[in-house]
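One structure is given below, encoded as C-alpha coordinates.
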Amino acid sequence: MSAVSVITIDGPTASGKGTVAQKVAAHLGWHVLDSGALYRLTALAAQQQAVDLNDAQAVAEIARNLDVRFDAQGTWLAGQEVEAQLRQEQVGLVASQVAAYPKVRDALLQRQRDFLQPPGLVADGRDMGTVVFPTATLKVFLVASVQERARRRHKQLIDKGVVVKMESVVEDLRARDHRDQNRAIAPLQPAPDAHVIDSSYLSIDETVAQVLACWSNIKT
Ligand code: DC
(Lines give C-alpha, C1' and ligand atoms only; values in the text may rest on other atoms or scores of the structure.)
Protein backbone atom coordinates (compact mmCIF):
# COMPACT_ATOMS: atom_id res chain seq x y z
CA MET A 1 0.00 0.00 0.00
CA SER A 2 2.39 2.75 1.14
CA ALA A 3 5.34 3.41 3.42
CA VAL A 4 3.42 5.79 5.67
CA SER A 5 2.86 4.20 9.09
CA VAL A 6 -0.65 3.28 10.21
CA ILE A 7 -1.92 2.26 13.62
CA THR A 8 -5.36 0.70 13.46
CA ILE A 9 -7.63 0.66 16.50
CA ASP A 10 -10.70 -1.52 16.04
CA GLY A 11 -13.29 -2.63 18.53
CA PRO A 12 -16.94 -2.68 19.50
CA THR A 13 -19.09 0.33 20.11
CA ALA A 14 -18.26 2.37 23.24
CA SER A 15 -14.95 0.57 23.78
CA GLY A 16 -13.26 3.97 23.96
CA LYS A 17 -11.40 3.51 20.67
CA GLY A 18 -12.37 6.96 19.33
CA THR A 19 -10.89 8.82 22.29
CA VAL A 20 -7.86 6.53 22.41
CA ALA A 21 -7.24 7.02 18.67
CA GLN A 22 -7.44 10.82 19.03
CA LYS A 23 -4.98 10.81 21.94
CA VAL A 24 -2.52 8.45 20.28
CA ALA A 25 -2.63 10.56 17.10
CA ALA A 26 -2.13 13.78 19.09
CA HIS A 27 0.84 12.23 20.92
CA LEU A 28 2.52 11.14 17.68
CA GLY A 29 1.48 14.23 15.70
CA TRP A 30 -0.33 12.02 13.16
CA HIS A 31 -3.62 12.27 11.29
CA VAL A 32 -6.69 10.45 12.52
CA LEU A 33 -9.50 8.66 10.71
CA ASP A 34 -12.80 8.14 12.53
CA SER A 35 -14.24 5.68 10.02
CA GLY A 36 -17.47 5.31 12.00
CA ALA A 37 -18.16 8.97 11.22
CA LEU A 38 -18.29 8.13 7.50
CA TYR A 39 -20.91 5.43 8.14
CA ARG A 40 -22.82 7.83 10.40
CA LEU A 41 -22.62 10.57 7.72
CA THR A 42 -23.97 8.12 5.16
CA ALA A 43 -26.84 7.25 7.50
CA LEU A 44 -27.59 10.90 8.19
CA ALA A 45 -27.44 11.94 4.53
CA ALA A 46 -29.68 9.02 3.53
CA GLN A 47 -32.23 10.04 6.14
CA GLN A 48 -32.04 13.72 5.17
CA GLN A 49 -32.63 12.79 1.53
CA ALA A 50 -35.43 10.39 2.53
CA VAL A 51 -33.72 7.48 0.79
CA ASP A 52 -35.20 4.02 1.43
CA LEU A 53 -32.76 2.54 3.97
CA ASN A 54 -33.49 -0.96 2.63
CA ASP A 55 -32.27 0.03 -0.81
CA ALA A 56 -28.55 -0.83 -0.64
CA GLN A 57 -27.82 0.60 -4.09
CA ALA A 58 -29.41 3.95 -3.28
CA VAL A 59 -27.60 4.20 0.07
CA ALA A 60 -24.31 3.29 -1.65
CA GLU A 61 -24.85 6.18 -4.08
CA ILE A 62 -25.23 8.48 -1.09
CA ALA A 63 -21.98 7.10 0.39
CA ARG A 64 -20.12 7.55 -2.90
CA ASN A 65 -21.23 11.17 -3.28
CA LEU A 66 -20.90 12.33 0.34
CA ASP A 67 -19.95 16.00 0.39
CA VAL A 68 -18.04 15.97 3.68
CA ARG A 69 -15.31 17.97 5.35
CA PHE A 70 -13.66 17.50 8.74
CA ASP A 71 -11.97 20.51 10.33
CA ALA A 72 -11.24 22.05 13.72
CA GLN A 73 -14.72 23.63 13.75
CA GLY A 74 -16.54 20.34 13.28
CA THR A 75 -17.88 17.91 10.72
CA TRP A 76 -19.56 19.38 7.65
CA LEU A 77 -22.10 17.61 5.49
CA ALA A 78 -23.07 19.56 2.37
CA GLY A 79 -21.90 22.77 4.09
CA GLN A 80 -23.86 22.15 7.31
CA GLU A 81 -22.17 21.47 10.68
CA VAL A 82 -23.57 18.10 11.85
CA GLU A 83 -21.26 16.81 14.62
CA ALA A 84 -23.96 16.77 17.35
CA GLN A 85 -26.50 15.10 15.05
CA LEU A 86 -23.96 12.48 14.01
CA ARG A 87 -23.42 11.32 17.59
CA GLN A 88 -27.10 10.59 18.24
CA GLU A 89 -27.82 6.95 19.17
CA GLN A 90 -30.42 6.67 16.42
CA VAL A 91 -27.86 7.71 13.77
CA GLY A 92 -25.44 5.09 15.14
CA LEU A 93 -28.07 2.38 14.80
CA VAL A 94 -28.86 3.33 11.20
CA ALA A 95 -25.11 3.52 10.50
CA SER A 96 -24.78 -0.04 11.77
CA GLN A 97 -27.65 -1.10 9.47
CA VAL A 98 -26.25 0.49 6.28
CA ALA A 99 -22.69 -0.60 7.14
CA ALA A 100 -23.82 -4.18 6.49
CA TYR A 101 -24.30 -3.42 2.77
CA PRO A 102 -21.21 -4.48 0.76
CA LYS A 103 -21.87 -1.71 -1.79
CA VAL A 104 -21.80 0.92 0.94
CA ARG A 105 -18.52 -0.46 2.31
CA ASP A 106 -17.04 -0.45 -1.21
CA ALA A 107 -18.15 3.12 -1.76
CA LEU A 108 -16.31 4.26 1.38
CA LEU A 109 -13.14 2.20 0.96
CA GLN A 110 -11.00 4.58 -1.09
CA ARG A 111 -12.25 7.59 0.85
CA GLN A 112 -10.88 5.96 4.02
CA ARG A 113 -7.54 5.08 2.40
CA ASP A 114 -7.17 8.70 1.26
CA PHE A 115 -6.67 9.67 4.91
CA LEU A 116 -3.28 7.95 4.79
CA GLN A 117 -0.94 10.94 4.65
CA PRO A 118 2.54 11.55 6.12
CA PRO A 119 3.70 11.47 8.83
CA GLY A 120 1.21 8.73 9.80
CA LEU A 121 -2.38 7.78 10.48
CA VAL A 122 -4.29 6.39 13.44
CA ALA A 123 -7.47 4.80 12.06
CA ASP A 124 -10.36 3.73 14.27
CA GLY A 125 -13.28 1.52 13.35
CA ARG A 126 -14.32 -2.10 12.98
CA ASP A 127 -12.35 -3.32 9.95
CA MET A 128 -9.35 -1.00 9.85
CA GLY A 129 -6.84 -3.80 10.51
CA THR A 130 -8.67 -6.51 8.57
CA VAL A 131 -9.84 -4.76 5.38
CA VAL A 132 -8.98 -1.08 5.00
CA PHE A 133 -5.33 -1.13 6.14
CA PRO A 134 -4.38 -4.84 6.22
CA THR A 135 -0.65 -3.99 6.16
CA ALA A 136 -0.84 -1.57 9.10
CA THR A 137 2.33 -1.40 11.20
CA LEU A 138 0.43 -1.87 14.46
CA LYS A 139 -3.08 -3.28 14.87
CA VAL A 140 -4.93 -2.88 18.15
CA PHE A 141 -8.28 -4.47 19.01
CA LEU A 142 -9.81 -2.71 21.96
CA VAL A 143 -12.40 -4.57 24.01
CA ALA A 144 -14.27 -3.94 27.25
CA SER A 145 -17.11 -5.78 28.96
CA VAL A 146 -20.67 -4.92 27.90
CA GLN A 147 -21.37 -3.67 31.43
CA GLU A 148 -18.41 -1.30 31.40
CA ARG A 149 -19.17 -0.03 27.89
CA ALA A 150 -22.80 0.53 28.85
CA ARG A 151 -21.73 2.41 31.96
CA ARG A 152 -19.48 4.70 29.89
CA ARG A 153 -22.10 5.27 27.20
CA HIS A 154 -24.82 5.91 29.82
CA LYS A 155 -22.62 8.51 31.53
CA GLN A 156 -21.88 10.20 28.18
CA LEU A 157 -25.59 10.44 27.42
CA ILE A 158 -26.51 11.73 30.88
CA ASP A 159 -23.71 14.33 30.62
CA LYS A 160 -25.27 15.45 27.33
CA GLY A 161 -28.64 15.81 29.08
CA VAL A 162 -30.16 12.74 27.39
CA VAL A 163 -32.36 10.84 29.85
CA VAL A 164 -32.05 7.13 29.17
CA LYS A 165 -32.33 3.93 31.19
CA MET A 166 -29.24 1.80 31.69
CA GLU A 167 -31.18 -1.30 30.50
CA SER A 168 -31.95 0.31 27.17
CA VAL A 169 -28.28 1.31 26.72
CA VAL A 170 -27.26 -2.31 27.37
CA GLU A 171 -29.87 -3.55 24.88
CA ASP A 172 -28.72 -1.10 22.19
CA LEU A 173 -25.09 -2.09 22.70
CA ARG A 174 -25.89 -5.78 22.44
CA ALA A 175 -27.97 -5.22 19.27
CA ARG A 176 -25.20 -3.20 17.65
CA ASP A 177 -22.50 -5.71 18.70
CA HIS A 178 -24.57 -8.55 17.29
CA ARG A 179 -25.11 -6.82 13.95
CA ASP A 180 -21.50 -5.63 13.62
CA GLN A 181 -20.09 -9.06 14.52
CA ASN A 182 -22.40 -11.17 12.40
CA ARG A 183 -22.64 -9.32 9.11
CA ALA A 184 -21.38 -11.23 6.09
CA ILE A 185 -18.83 -8.64 5.02
CA ALA A 186 -16.02 -7.12 7.11
CA PRO A 187 -17.48 -8.26 10.45
CA LEU A 188 -16.13 -6.87 13.67
CA GLN A 189 -13.29 -9.23 14.59
CA PRO A 190 -9.63 -8.86 15.51
CA ALA A 191 -7.08 -9.28 12.72
CA PRO A 192 -4.96 -12.40 13.41
CA ASP A 193 -1.98 -10.13 14.09
CA ALA A 194 -3.86 -7.65 16.32
CA HIS A 195 -2.87 -6.83 19.90
CA VAL A 196 -6.02 -7.26 21.97
CA ILE A 197 -6.28 -4.76 24.83
CA ASP A 198 -9.05 -5.12 27.41
CA SER A 199 -9.82 -1.65 28.74
CA SER A 200 -12.53 -2.72 31.21
CA TYR A 201 -10.27 -1.84 34.14
CA LEU A 202 -8.07 0.75 32.43
CA SER A 203 -8.48 4.51 32.26
CA ILE A 204 -8.24 6.20 28.86
CA ASP A 205 -4.71 7.39 29.65
CA GLU A 206 -3.62 3.88 30.72
CA THR A 207 -5.04 2.48 27.49
CA VAL A 208 -3.26 5.14 25.42
CA ALA A 209 -0.03 4.30 27.26
CA GLN A 210 -0.44 0.60 26.35
CA VAL A 211 -0.96 1.42 22.67
CA LEU A 212 2.09 3.71 22.66
CA ALA A 213 4.12 1.00 24.42
CA CYS A 214 3.17 -1.49 21.67
CA TRP A 215 4.18 1.11 19.08
CA SER A 216 7.58 1.71 20.77
CA ASN A 217 8.21 -2.06 20.84
CA ILE A 218 7.55 -2.33 17.12
CA LYS A 219 9.69 0.65 16.22
CA THR A 220 12.74 -0.50 18.17
O1 DC B 1 -17.74 3.69 15.68
P2 DC B 1 -19.16 4.19 15.52
O3 DC B 1 -20.08 3.78 16.66
O4 DC B 1 -19.20 5.66 15.26
O5 DC B 1 -19.70 3.47 14.19
C6 DC B 1 -21.05 3.54 13.81
C7 DC B 1 -21.42 2.27 13.03
O8 DC B 1 -20.71 2.24 11.79
C9 DC B 1 -21.08 0.96 13.72
O10 DC B 1 -22.15 0.42 14.47
C11 DC B 1 -20.72 0.02 12.60
C12 DC B 1 -20.31 0.93 11.47
N13 DC B 1 -18.87 0.89 11.21
C14 DC B 1 -18.38 -0.12 10.41
O15 DC B 1 -19.14 -0.98 9.99
N16 DC B 1 -17.07 -0.14 10.06
C17 DC B 1 -16.23 0.79 10.52
N18 DC B 1 -14.95 0.75 10.16
C19 DC B 1 -16.69 1.83 11.39
C20 DC B 1 -18.03 1.84 11.73
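Just so you know, these numbers use all the heavy atoms, side chains as well, and skip hydrogens, waters and symmetry mates. Order of appearance sets the numbers: ligands from 1, and atoms from 1 within every ligand.
Residues Ala60 and Ala107 come closest through the heavy atom pair O-CB, 3.7 Å. The nearest pair of heavy atoms linking Ala194 to Phe141 is CB-CB, 4.2 Å. Residue Arg149 comes nearest to Ala14 through the heavy atom pair CG-O, 3.2 Å, listed as atom of the first residue, atom of the second, then distance.
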Margin query: Arg151 vs Glu148, test: salt bridge (charged side-chain N to carboxylate O under 4.0 Å, His left out). Steps then yes/no.
Written below: CA-CA 5 Å; Arg151 193 193 63 73; Glu148 178 55 22; 2.9 Å; yes
Item checked: Derivation and outcome, salt bridge (charged side-chain N to carboxylate O under 4.0 Å, His left out), residues Asp159 and Arg87 -> CA-CA 13 Å; Asp159 288 350; Arg87 301 300 154 192; over 6 Å; no
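Ion pairing between a basic and an acidic side chain is recognised when a charged N comes within 4.0 Å of a carboxylate O; Asp106 and Arg64 show no such pairing.
Under 4.0 Å from any atom of ligand 1, one finds heavy atoms of residues Thr13, Lys17, Ser35, Gly36, Tyr39, Arg40, Ala95, Ser96, Ala99, Arg105, Gly125, Arg126, Asp127, Met128, Arg176, Asp180, Arg183.
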